[in-house]
Structures are given as C-alpha cells and as structure tokens.
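Contents: one structure, followed by commentary.
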There are 2 protein chains.
Amino acid sequence: MRPSSDSGAPPSLQVLLWRRALDPHIGRWSLPGGRLRADEDVATSIRRQLAEKVDMRQLTHVEQLAVFSDPRRVPGPRVVATAFLGLVPSDVDPEVPEDTAWHPVDDLPRTAFDHESIVLGARDRLRAKLSYTNIGFALVPRDFTISLLREHYSATLGYRVSATNLQRVLSRRGLLVDTGRTAPSGRSGGRPATLYSFASHDVQITDPFAAFKPPGTGRERSS
Amino acid sequence: MRPSSDSGAPPSLQVLLWRRALDPHIGRWSLPGGRLRADEDVATSIRRQLAEKVDMRQLTHVEQLAVFSDPRRVPGPRVVATAFLGLVPSDVDPEVPEDTAWHPVDDLPRTAFDHESIVLGARDRLRAKLSYTNIGFALVPRDFTISLLREHYSATLGYRVSATNLQRVLSRRGLLVDTGRTAPSGRSGGRPATLYSFASHDVQITDPFAAFKPPGTGRERSS
DNA sequence: CCAAAAGTGTTATATATACACCCATGA
DNA sequence: TCATGGGTGTATATATAACACTTTTGG
C-alpha cells in the first residue's frame, strides 16, 4: 500500500493489485503473492514475490497480518495464506507490469477470493498504527514538509487531519527531526516550509496506552 | 493462559504447557498444538487440539497471534506454525493430564523450540489489550467483585493495579454491569462487595486511540 | 502592500492517577 | 464499637483539539 499524491483527484490510500490470468476467478484483481519455498520464511517469501512479480523493492515496512485458512476460501484444494501489510512511500512510483495497477483502497474493484477483506483489514491495521506508532515514516519521502505529511496522513486515515496538531503531536513524541533546510515556496508565494525527517525508521510504539499503567508513572514520557 | 488465584503464592499469569514425549527436545515443555487437518481452519484446529489433548474446552477467548515459519525453527523438515492466544477464566481449573501443567509466564521452565518467545509475545499482546479493549471479561468468572478483578488484572499486567481506578475506568467505558447482588463479606468483616459482570463478552475496542481523530469528535464517547 | 502558505500561542476539554474520606459488615 | 475491606468525592496532571494570530515568502 501507499498514499497517493496524484494531482487532481483527492489523495487516497492505494493498494497494488494484479489481474489474475489463471482460471479460478480469472480476470479479477488479486493481491500479489505466491507459494512459500522450503528454504525461506514467510517474510522473505513475500519480499521475493513482490520483487520478482511486480518489481516492487522499495518497501519501507513489511508486517504480518493474519493467516487465512478457511478450507473453502479458494476453490479446489485448501490454500493457507499468510497476509502481509507492505508499505511504499509516496514518492516511489515504480514501473509496474502491464497486468498490475494501483487501486484506491476505499473504492476497490471486484477482487478474487477473500482478498477484499484482507485489504480492508490491512487498511484498518495501518490506520490504527498511525495513531500510536511512528509508522508514518513509511509513507513519506525521507525529507518532507508538514503539509505533505498531513496530506498523506489524511489520505490514509480517510479524513482531514490538521497540520497544526499533527506537527504538535509528532513533535511532542519526539518523532520529528528538523533538517534545517526548507522547501522552496510555490509560485503563489507563502512562507517556505521546513523540511523534517523522522527520527527513527523502525516501527516503535510511541503512545503507550493510557490505562492501568504501573503506579507512579502517570502519563509522563520523559524528564 | 489464565490468571492464577492459587492461595499462598502471589497471583500470576499462567500458561498451560505440555511435556514433550517425542524426540526433538524430548522432556522439554511445549505449547499444546498439532497438525492442521484439511477440512478445518486454524482456529477450529487449535480448539480441537486443546479439547482432545489437554481437555481444555472452556476458552473464553481465542485469538490468532502470528505465523512462525523460519526453516530452522525446528529440527528436520520445516514446520509452519500459527500461534494463538487462548484465555481461560480464573475460576476454571480443569483436570489437566499428567504430562501437562500450568507455569507462570514470568518464570518459564526451559521450553522446546521457539515456544518461549511465542509465550512472551502472547503475554505482551494480552497486556496491551487489557488497556484498550474489554478483554478482561475472559479472565474472570461471569460475576465478580472489583477486588477479584483487580487481582487478576494485577497478575496479568505484572504490577499492582488500583481497585479504585480500575472501577472508575471500566465504569466510564460502560463495561461493567452491576448485578444488584453482593458477595458475602469474609470472616474478618468488611463491607460486602458488589458483584459485577461485563456488559459484553465479545472483544471490542473500548479506548480508541487518542491522536488524529476525525475533526469534531474530540475524545468524547457518548452524550 | 497584499495574498498565500507556514508555524506559534492560547484556551478548552477529556481522561486518568492519587489520595482523603465515608460506608457496611463481622466479631 | 472497632477493625476490615468496599466504594465515592475531589484535586491534579497531561494530552489533544480548536482557533486566533504571527511570520515569511512571491508578485
């Protein structure tokens, strides 16, 4: 998945789908994937599939979602699938093969098998983690303006996030690093935006849940 | 897993382990489980395994955790395992077979394969969900006092939770139902404790994360 | 100098923790 | 009536949402 910034249309969260050429559900859109080899684990496998089949190598985050194992989830012999969430930053727009395309997650075409529910589950997981982890780093270029970050947060969450509060919350949590540089202002003027980057590119829980914390810690984080 | 209330020892979170009789890692403690049949999904399978092998049928919650698929995680041919978290309420103490026993999660014996990390991962998941969902219902009898609830929350989280605040937080979230009945006071007197039950026995997210909520909703929940 | 975009100051509100105090029971 | 455990009232801390206001640029 990745947040789109295609000019014109309102930005949205997109998923890369592959049009099936084989018979069960031929012609329908499906998630990229394939069989697990005996000498690889599932994470290695999904990275290999994406690289080989759709030339997708620039994943900023890969995370296991769930196992789908209903004996009737696909016609014929039962197939056990492990679903993954893989993120690609918005500035990466790789050449995708002819038979694949990015689709808005909130307006999916008819998909094969149970892939629609897998995609929606992945979206929900991503939305949740955007609130309590630093996973935003996986959606944007290394250096970015708060405006861009806001656009992609909004696209992913499905509603308009305030740039002011986004900046504040992420700063308070210590996720943002001021690079010292600025982006040039547009042709219509305006103050040049500071370029920020994320302090860490590993997923970390940055907003530990509030309730039932060990006594004495309150909700403080540092100092 | 279940929270223990064994008199004497400090209460703790326990996990049911089975002593291996077969050769790889013979004699070590391992998680109950077994092979997936062609006509069942993984959730059905784990319930069947628990019922057949350790006579454990009174699970109040079963939840998928993760797939473990490292080709070298067990000796010999690769085995892909789907780990589950299964909860048993504290008042259920089924007859477990000779070769199984409950062990404190924070003081595990030597385990087989990668089972220690699976157990610790399950514990962490349960601890997190205790904060932001109503999963506590799965740990206690249908009707319970706040004191009992506090004991099991404390055992599970690993630190002493305040009964006062536990009551308040869960009430505010609308999770607790006053049954109208009370538990008799102990031999040393004391005010009889109100018996509560959980409003729902399905896992629900009761504390949606704070940051980046749709505009206009603030953090309010009702009214 | 004006429009536009970025960023800061300030206030209101929600939720949780801490702790003092009151309540109901057995002996 | 006293010890014991159960339960409520109230103060405080902290985080976020909302919005007014200031800053910095292009034309």
Side-chain angles (χ1 to χ4, degrees), chain A residues 130-132 144-151 153-154 157 159-176 178-196 206-223, chain B residues 130-132 143-151 153-154 157 159-176 178-196 205-223:
Chain A
L130 226 36
S131 289
Y132 69 93
F144 53 86
T145 63
I146 297 296
S147 290
L148 184 80
L149 189 65
R150 178 183 79 120
E151 207 175 291
Y153 265 72
S154 299
L157 292 172
Y159 53 80
R160 192 133 279 249
V161 171
S162 142
T164 298
N165 293 332
L166 182 63
Q167 217 260 33
R168 228 136 17 213
V169 169
L170 298 188
S171 292
R172 160 177 279 281
R173 294 181 182 173
L175 306 192
L176 295 181
D178 186 332
T179 64
R181 286 170 297 127
T182 57
S185 25
R187 43 222 150 286
S188 56
R191 175 171 170 175
T194 304
L195 283 170
Y196 290 90
T206 55
D207 183 37
F209 310 120
F212 318 133
K213 310 220 47 154
T217 59
R219 228 197 167 185
E220 73 214 339
R221 272 168 237 284
S222 59
S223 99
Chain B
L130 226 36
S131 289
Y132 69 94
D143 298 334
F144 52 86
T145 64
I146 298 296
S147 290
L148 184 79
L149 189 64
R150 178 183 78 120
E151 207 175 291
Y153 265 71
S154 300
L157 292 172
Y159 53 80
R160 191 134 278 247
V161 171
S162 140
T164 297
N165 293 332
L166 182 63
Q167 217 260 34
R168 255 212 266 266
V169 169
L170 298 188
S171 292
R172 159 177 280 281
R173 295 182 182 172
L175 306 192
L176 295 182
D178 186 332
T179 64
R181 286 172 295 126
T182 57
S185 25
R187 43 219 152 286
S188 54
R191 176 173 169 175
T194 303
L195 282 169
Y196 290 90
I205 292 176
T206 56
D207 182 37
F209 310 121
F212 320 131
K213 311 223 44 153
T217 59
R219 230 197 168 189
E220 73 214 339
R221 272 168 236 286
S222 60
S223 97

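Below, chain A is the first sequence line, B the second, and so on; all start at residue 1.
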5' priority, DNA chain D, between A:Arg168 and B:Gln167 [closest heavy atom]: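 Per heavy-atom nearest nucleotide, the more 5' residue is B:Gln167.
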Most 5' of B:Gly189 and A:Thr164 on DNA chain D, judged by nearest nucleotide: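 Its nearest nucleotide being more 5', the pick is B:Gly189.
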Out of D:dG7, D:dA17, D:dT25, whichever nucleotide has its closest atom nearest the side chain of B:Ala193: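 The listed nucleotide nearest to B:Ala193's side chain is D:dG7.
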Whole Å only: how far is the [atom1] atom of [X] from the [atom2] atom of [N]?
X        : N      : atom1 : atom2 : value
A:Leu170 : C:dG7  : CG    : C1'   : 15 Å
A:Asn165 : C:dT11 : CG    : P     : 16 Å
B:Phe144 : D:dG7  : CZ    : P     : 12 Å
B:Glu151 : D:dG5  : CD    : P     : 13 Å
B:Ile146 : D:dT4  : CD1   : P     : 23 Å
B:Leu166 : C:dT15 : CG    : C1'   : 15 Å
A:Leu149 : C:dA6  : CG    : C1'   : 14 Å
B:Arg187 : C:dT25 : CZ    : P     : 18 Å

Min side-chain heavy-atom separation A:Asp178-A:Tyr196 under 4.5 Å: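 Yes, close enough: below the 4.5 Å cut-off.
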Any side-chain heavy-atom pair of A:Val169 and A:Asp207 under 4.5 Å: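 No - every pair of side-chain heavy atoms lies 4.5 Å or more apart.
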Sugar-phosphate only, base, or nothing, as touched by A:Thr194 at under 4.0 Å among non-hydrogen atoms: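 Sugar-phosphate, no base atom in range.
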Sugar-phosphate only, base, or nothing, as touched by B:Ser147 at under 4.0 Å among non-hydrogen atoms: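 Here B:Ser147 touches the backbone only, sparing every base.
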Worked check of side-chain contact (heavy atoms from CB on, under 4.5 Å) between A:Leu176 and A:Phe144: CA-CA 10 Å; A:Leu176 295 181; A:Phe144 53 86; 3.9 Å; yes
Has [X] got a side-chain N or O lying under 4.0 Å from the OP1 or OP2 atom of [N]?
X        : N      : answer
A:Arg172 : D:dT16 : yes
B:Arg160 : C:dA18 : no
A:Ser188 : C:dA5  : yes

Heavy-atom donor-acceptor pair, A:Arg191 side-chain to D:dG26 base, under 3.5 Å: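 No, no donor-acceptor pair under 3.5 Å.
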Least distance between heavy atoms, A:Pro192 atom then A:Ala183 atom: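 Scanning both residues, the minimum pair turns out to be CB-O, 3.3 Å.
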Side-chain donor/acceptor of B:Ser154 to backbone N/O of B:Val161, under 3.5 Å: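 Such a contact is found between B:Ser154 side chain and B:Val161 backbone.
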